[in-house]
Amino acid sequence: MITYSKKEILISLKKIGIKKKDTIFVNPEIYKFGLFKDAKNADEYFNIFYQTLKNLIGPDGTLCMNTYSFDTLRYNKNFNHNDNKTTSGKLSEILLKDKKSIRSNHPVFSVSAIGKYANFICKNNSLHNYGYNSPYHKFLKKNGKIVNLGMNPWQNPFHHVSEFLIGV
């Protein structure tokens, strides 16, 4: 099994061009990377990833992630905008629990962000989850960088934005 360290995460993120002041949209499937040798447990593992991303982009950067709530569809549960539950995984949950994070209002396909452009990206959105003035569209207006951490490229939600914008 492949093992890696916090230092290797940082080196890899810098190698793909992530730097201070960047606006990034992270699609995390980090469980695919192997065994993380710097964490004692799962909570520490995800917190190290989260802090590494935040520290790398700095206070003038923006970190965005999906914070989907598929339980509204699967189990007919009400969407609670202020709830920090998500079906998008532990890393997204950590972002939601961050007191400075902003969450968009879409009842199923919410996006959350922290940093300089969090309000712009997550507030006053259209009703369409991928259309004009959606969080994804606004993110692209800021020339953000999409960071797939283990996610297959064809699963990236930004494909839906391009489909919508060209009328598919």
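Computed from a predicted model, the values in this text were never measured in an experiment.
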What I'd like to find out is whether the side chain of Lys142 reaches to under 4.5 Å of the side chain of Thr62, using heavy atoms alone. no
Heavy atoms only: give me the nearest Ala118-Ile102 pair and the separation to one decimal. CB-CG1, 3.9 Å
Under a single-linkage definition using a 4.5 Å side-chain heavy-atom cutoff for Ile, Leu, Val, Met, Phe, Trp and Tyr, are Phe25 and Phe120 assigned to the same hydrophobic cluster? yes
Quick check against the 3.5 Å criterion: does Asn152 have a side-chain atom that pairs as donor or acceptor with the backbone of Trp154? no
Shared hydrophobic cluster for Leu140 and Ile24 (ILVMFWY, side-chain gaps under 4.5 Å): no
Compare every heavy atom of Ser110 with every heavy atom of Arg103, then report the nearest pair and how far apart it is. NE-OG, 3.0 Å
Identify the heavy atoms of Met65 and Leu63 that sit nearest to each other, and give their distance. CE-CD2, 4.2 Å
Near Lys14 NZ, under 6.0 Å, is it more than 12 heavy atoms from other residues, nucleotides or ligands? no
Keeping the roles fixed (side chain from Asn125, backbone from Ile121), state whether a donor-acceptor pair exists under 3.5 Å. yes
Are Leu10 and Leu91 joined in one hydrophobic group, where the rule is that I, L, V, M, F, W and Y side chains link up if heavy atoms are under 4.5 Å apart? yes
In terms of heavy-atom contacts, Asn133 and Lys141 come closest through OD1-NZ, 3.3 Å
Measure the spacing between CG of Asn27 and CG of Asn148 and express it to the nearest 0.5 Å. 4.5 Å
Atom CD1 of residue position Ile2 - does it have more than 12 heavy atoms of other residues, nucleotides or ligands inside 6.0 Å? no
Classify the ring geometry between Phe36 and Tyr45 as parallel (under 30°), tilted (30 to 60°) or perpendicular (over 60°). tilted
For the residue pair Ser92 and Asn66, what are the closest heavy atoms and their distance? OG-O, 2.8 Å
Side-chain ion pair, Lys6 and Asp38, N-O less than 4.0 Å: no
Besides Leu127, the hydrophobic cluster formed by Ile, Leu, Val, Met, Phe, Trp and Tyr side chains linked at under 4.5 Å, directly or via other members, contains none
Lys54 vs Asp98 side-chain heavy atoms within contact, under 4.5 Å: yes
Would you say that Thr23 contacts Asn143 through its side chain, given a criterion of any heavy-atom pair below 4.5 Å between the two side chains? no
Between Ser104 (side chain only) and Val111 (backbone N and O only), is there a donor and an acceptor less than 3.5 Å apart? yes
Ile16 vs Lys145, side-chain contact (heavy atoms from CB on, under 4.5 Å): CA-CA, chis, key distance, verdict: CA-CA 10 Å; Ile16 62 169; Lys145 296 176 180 177; over 6 Å; no
Joint cluster assignment, Ile11 & Val26, ILVMFWY side-chain distance < 4.5 Å: no
Quick one: does any side-chain atom of His159 pair with a main-chain N or O of Asn156 as donor and acceptor, under 3.5 Å? yes
Heavy-atom donor-acceptor pair, Glu44 side chain to Lys40 backbone, under 3.5 Å: yes
Test item: Phe139 and Tyr117 side chains (from C-beta on) under 4.5 Å apart, heavy atoms: no
How is the hydrophobic cluster of Val168 composed, in terms of its other members, when Ile, Leu, Val, Met, Phe, Trp and Tyr link through side-chain heavy atoms under 4.5 Å apart, directly or indirectly? Ile166
Answer yes or no for Lys90 and Phe46: cation-pi contact, defined as NZ/CZ to six-membered ring centre under 6.0 Å and angle to ring axis within 45°. no
If you compare all heavy atoms of Lys20 against all heavy atoms of Asn55, which two are closest, and at what distance to 0.1 Å? NZ-O, 2.6 Å
What's the spacing between Ser134 OG and Leu165 CG if we round to 0.5 Å? 7.5 Å
Enter the distance from Leu149:CG to Glu29:CD here, rounded to the nearest 0.5 Å. 9.5 Å
Parallel, tilted or perpendicular: which fits the ring planes of Tyr136 and Tyr130, with parallel below 30° and perpendicular above 60°? tilted
Partner set under side-chain contact (heavy atoms from CB on, under 4.5 Å) for Asn129, not counting sequence neighbours: His106, Phe109
Do any N or O atoms from the side chain of Ser112 and from the backbone of Leu96 form a donor-acceptor pair under 3.5 angstrom? no
Can you name the one residue among Leu13, Ile18, Ile9 that meets side-chain contact (heavy atoms from CB on, under 4.5 Å) with Leu53? Leu13
Determine yes or no for a side-chain-to-main-chain donor-acceptor pair under 3.5 angstrom, with Lys138 supplying the side chain and Lys123 the backbone. yes
Using the rule that Ile, Leu, Val, Met, Phe, Trp and Tyr join whenever any side-chain heavy atoms are under 4.5 Å apart, tell me whether Ile94 and Phe33 fall into a single cluster. yes
Do other residues, nucleotides or ligands put more than 12 heavy atoms under 6.0 Å from the NZ atom of Lys37? yes
For Tyr4 and Phe49, take the angle between the two ring planes, folded into 0 to 90°, and tell me which bin it lands in: parallel under 30, tilted 30 to 60, perpendicular over 60. perpendicular
Point-to-point distance, once rounded to the nearest 0.5 Å, from CG of Asp43 to CD1 of Ile48: 11.0 Å
Student check: side-chain heavy atoms of Tyr50 and Ile114 closer than 4.5 Å: yes
